[in-house]
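Since the structure comes first, as structure tokens, the remarks are kept for the end.
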Amino acid sequence: MTVTSLDPHPLPPWPGELTSLRVDEPSGTWSVIAVHSTRRGPAVGGTRAMTYPSLREAVADARRLADAMTAKVAVAGLPMGGGKSVLALPAPRHRLDDATWRRALEAHGRHIELLHGTYWTGPDIGTGSADMDELRQHTTYAFGRAETAGGSGSSAEATAVGVVAAVRAAVREAGRPGLAGLRILVQGLGAVGLRVAELVVAAGARLLVADVDPARVAAAAGLAGAVEVVAPEAVTRTPCDVLVPGAVGGLIDLGVARELPCRIVVGAANNVLADPAAADVLAARGVVVAPDFVANAGGAIHLVGREVLGWSAAQVLARAAAIEDTLAEVFADARARGIGSVRAALDRAERSLATEPAA
Ligand code: NAI
Ligand code: PHE
């Protein structure tokens with residue numbers, strides 16, 4: 001099925017391997033699976049559950065996120081490919097009754113199962129370990145079940161450890177010795193963002209926080225003596241040393257890139273840049289950018305490391321911390337070649353894709 005048959009506006013060409021769509025009529029939910037590349041192994045990427053303005057935008061989001069997963073696992077050296085799935089819901093998840101949500105998950109699980117392991121899913125925005133437990137009743141191909149159910153549990157700790165490792169590398173690249181005394185603004189204080197906030201406070205940073213949910217802001221406000229709370233809509237106008245976007249993607253468009261009053265951007269969220277050209281604008285202004293698909297690979301390292309490669313929790317955290325070295329190499333390559341860090345990281349992913357993954 002192609003989405004062009006459902007929508008008058010054709011989607012742009014996409015070099016990915018597969019886009020599969022199924023609708024579950026009773027729950028009114030579309031399940032969209034995008035497999036970008038299986039060159040290095042089965043495609044992995046989470047299930048994002050949210051509402052979209054149109055099916056076309058749901059497909060476009062799944063594809064963009066799948067692209068990023070291919071680059072993420074390639075740079076992280078994992079023997080997997082990249083994919084993503086989207087559950088385009090008829091209403092925000094918190095407004096769906098339990099039966100409707102479970103139906104949607106069942107339909108999604110059956111959809112994944114039809115691909116016979118070409119695509120493995122895991123948690124993303126709108127889904128968590130309990131949902132993976134539920135999905136696993138309908139497909140084998142789901143990572144991140146609760147530990148009590150035999151899975152590896154939440155990937156947020158490893159993601160946060162990797163993001164903070166990326167902050168360290170970016171701070172050094174910007175010519176600063178360490179995190180102590182820097183103004184670090186964390187946007188989105190969910191499972192990843194709150195832990196990032198804790199870790200940077202422990203490293204002596206001055207914390208600024210923003211979240212649309214006052215309860216999350218309150219949780220962060222208790223972390224340090226003088227946490228500065230920023231209104232969600234003021235995030236991209238607030239001066240800081242390091243901005244860590246950790247909510248949904250698309251925060252930095254061209255206009256924001258031209259004006260952003262921050263020295264460093266480290267992406268915890270996927271696809272932080274709304275426009276790829278924003279990377280060049282930021283680079284031209286001397287803003288150090290830690291590409292999100294490098295910085296936030298800790299979650300993939302956790303899920304694939306624990307559930308495919310048999311790594312211990314300690315091995316996972318060590319690999320997540322090593323993101324600091326990977327990024328230092330990316331920055332050095334970018335400097336040597338006079339290119340931006342996002343381009344350098346994408347080139348690194350390309351090189352990785354051209355070689356066989358280590359057994
Ligand atoms: P989460 O759902 O636990 O947290 C997201 C937080 O962002 C929530 O507290 C929410 O209230 C807040 N938020 C939403 N819209 C906002 C806005 N406009 N302004 C400010 N805050 C807003 O999600 P989680 O697991 O912490 O993930 C955060 C991001 O990191 C997501 O984009 C996710 O795809 C990405 N990511 C997560 C990984 C993981 O292991 N959990 C791994 C790699 C990336
Ligand atoms: N959704 C997270 C990410 O974007 C974690 C994840 C990784 C989920 C790999 C499934 C597979 O990295």
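Each ligand, and each atom within it, is numbered from 1 in the order the structure gives.
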N/O separation below 3.5 Å, Lys72 to ligand 2: yes
To the nearest 0.1 Å, how far is atom 4 (O) of ligand 1 from its closest protein heavy atom, and which atom is that? Gly190 CA, 3.1 Å
Please confirm whether Arg48 comes within less than 3.5 Å of ligand 1 when only nitrogen or oxygen atoms on both sides are compared. yes
Salt bridge or not between Asp124 and Arg48? Use side-chain N to carboxylate O under 4.0 Å. yes
Determine, for Asp333 against Arg348, whether the closest basic-nitrogen to carboxylate-oxygen distance falls under 4.0 angstrom. no
Is atom 32 (O) of ligand 1 near the protein, in the sense that some protein heavy atom lies at less than 4.0 Å from it? yes
Among Asp241, Val164, Val167, Val209, whose side-chain contact (heavy atoms from CB on, under 4.5 Å) with Ile184 holds? Val167
Atoms in ligand 2 with a heavy atom of Gly46 nearer than 4.0 Å: 8 (C), 10 (C)
Give the atom numbers and elements of ligand 1 that come within less than 4.0 Å of a heavy atom of Arg216. 9 (O)
Would you mind listing which atoms of ligand 1 come within a distance below 4.0 Å of any non-hydrogen atom of Gln187? 19 (N), 20 (C)
Quick one: do Val59 and Val248 end up in the same hydrophobic cluster if we chain Ile, Leu, Val, Met, Phe, Trp and Tyr together by side-chain heavy atoms under 4.5 Å apart? no
At under 4.0 Å between heavy atoms, which part of Thr159 makes contact with ligand 1: side chain, backbone, both or neither? side chain
Which atoms of ligand 2 sit under 4.0 Å from any heavy atom of Lys84? 1 (N), 4 (O)
Closer than 4.0 angstrom, basic N to acidic O: yes or no for Asp61 and Arg64? yes
With a 4.0 Å cut-off on N to O distance, would you call Glu106 and Arg102 a salt bridge? no
Just which atoms of ligand 1 are under 4.0 Å from any heavy atom in Asp124? 34 (O)
Please report which non-hydrogen protein atom sits nearest to atom 12 (C) of ligand 1, along with the residue it belongs to and the distance in Å to one decimal place. Asp211 OD2, 3.2 Å
In the complex you have, is atom 2 (O) of ligand 1 within reach of the protein, judged by whether a heavy-atom distance drops under 4.0 Å? no
Polar contact flag for Lys72 and ligand 1 (N/O pairs, less than 3.5 Å): no
Which atoms of ligand 1 are found less than 4.0 Å from any heavy atom of Asp213? 11 (O)
Hey, is Val235 touching ligand 1 through its side chain, its backbone, both or neither, going by heavy atoms under 4.0 Å? neither
Contact with ligand 1 for His302, non-hydrogen, under 4.0 angstrom: no
Just going by heavy-atom distances, which of Ala247, Ala215, Gly188 is nearest to atom 29 (C) of ligand 1? Ala247
Any Lys/Arg nitrogen of Glu307 or Arg145 sitting under 4.0 Å from an Asp/Glu carboxylate oxygen of the other? no
Between Arg93 and Asp131, is there a side-chain N and carboxylate O pair less than 4.0 Å apart? yes
For ligand 2, is any non-hydrogen atom under 4.0 Å from Asn270's backbone (N, CA, C, O), its side chain (CB onward), both, or neither? side chain
Contact check: Leu303 vs ligand 2, nitrogen or oxygen atoms, below 3.5 angstrom: no
Starting from atom 18 (N) of ligand 1, which protein heavy atom do you reach first, and at what distance in Å? Val212 CG1, 3.9 Å
Tell me which one of Val192, Thr127, Val217 gets a heavy atom nearest to atom 24 (P) of ligand 1. Val192
Report the nearest protein non-hydrogen atom to atom 9 (C) of ligand 2: residue, atom name, distance rounded to 0.1 Å. Met69 CE, 3.6 Å
Salt bridge or not between Arg39 and Glu17? Use side-chain N to carboxylate O under 4.0 Å. no
Would you mind checking which non-hydrogen protein atom is closest to atom 5 (C) of ligand 2, with the distance to 0.1 Å? Pro123 O, 3.8 Å
Rounded to the nearest 0.5 Å, how far apart are CD of Glu324 and OG1 of Thr326? 10.0 Å
So which heavy atom in the protein is nearest atom 23 (O) of ligand 1, and how far is it from that ligand atom? Ala191 N, 4.6 Å
Cationic N near anionic O, under 4.0 Å, Asp347 to Arg337: yes
Taking NZ, NE, NH1 and NH2 as the nitrogens, is one of them in Arg237 or Glu259 under 4.0 Å from a carboxylate oxygen of the other? no
One pair to check against salt bridge (charged side-chain N to carboxylate O under 4.0 Å, His left out): Glu228 and Arg206. What are the steps and the verdict? CA-CA 8 Å; Glu228 201 175 309; Arg206 289 156 62 198; 5.8 Å; no
Report the distance from atom CG of Leu243 to atom OG1 of Thr238, rounding to the nearest 0.5 Å. 9.0 Å
For atom 30 (O) of ligand 1, what is the nearest protein heavy atom, given as residue, atom name and distance? Ala268 O, 3.3 Å
Atoms in ligand 2 with a heavy atom of Ala300 nearer than 4.0 Å: 7 (C), 9 (C)
Would you indicate whether the side-chain heavy atoms of Pro90 and Leu96 approach each other to under 4.5 Å? yes
Taking atom 43 (C) of ligand 1 as the reference point, the nearest protein heavy atom with its distance: Asn296 O, 3.5 Å
Answer whether the closest heavy-atom distance between the side chains of His108 and His138 falls below 4.5 Å. no
Do Ser352 and Arg40 have side-chain N/O donor and acceptor atoms under 3.5 Å apart? yes
Can you report which non-hydrogen protein atom sits closest to atom 28 (C) of ligand 1, along with the distance? Gly246 O, 3.2 Å
When you measure from atom 11 (C) of ligand 2 to every protein heavy atom, which one gives the shortest distance, and what is it? Gly45 N, 3.5 Å
Would you say the side chains of Thr121 and Tyr119 form a donor-acceptor pair under 3.5 Å? yes
Checking the N or O distance criterion of under 3.5 Å, is ligand 2 in contact with Ser155? no
Using a 4.0 Å heavy-atom cut-off, say whether Ile125 meets ligand 1 through its side chain, its backbone, both or neither. side chain
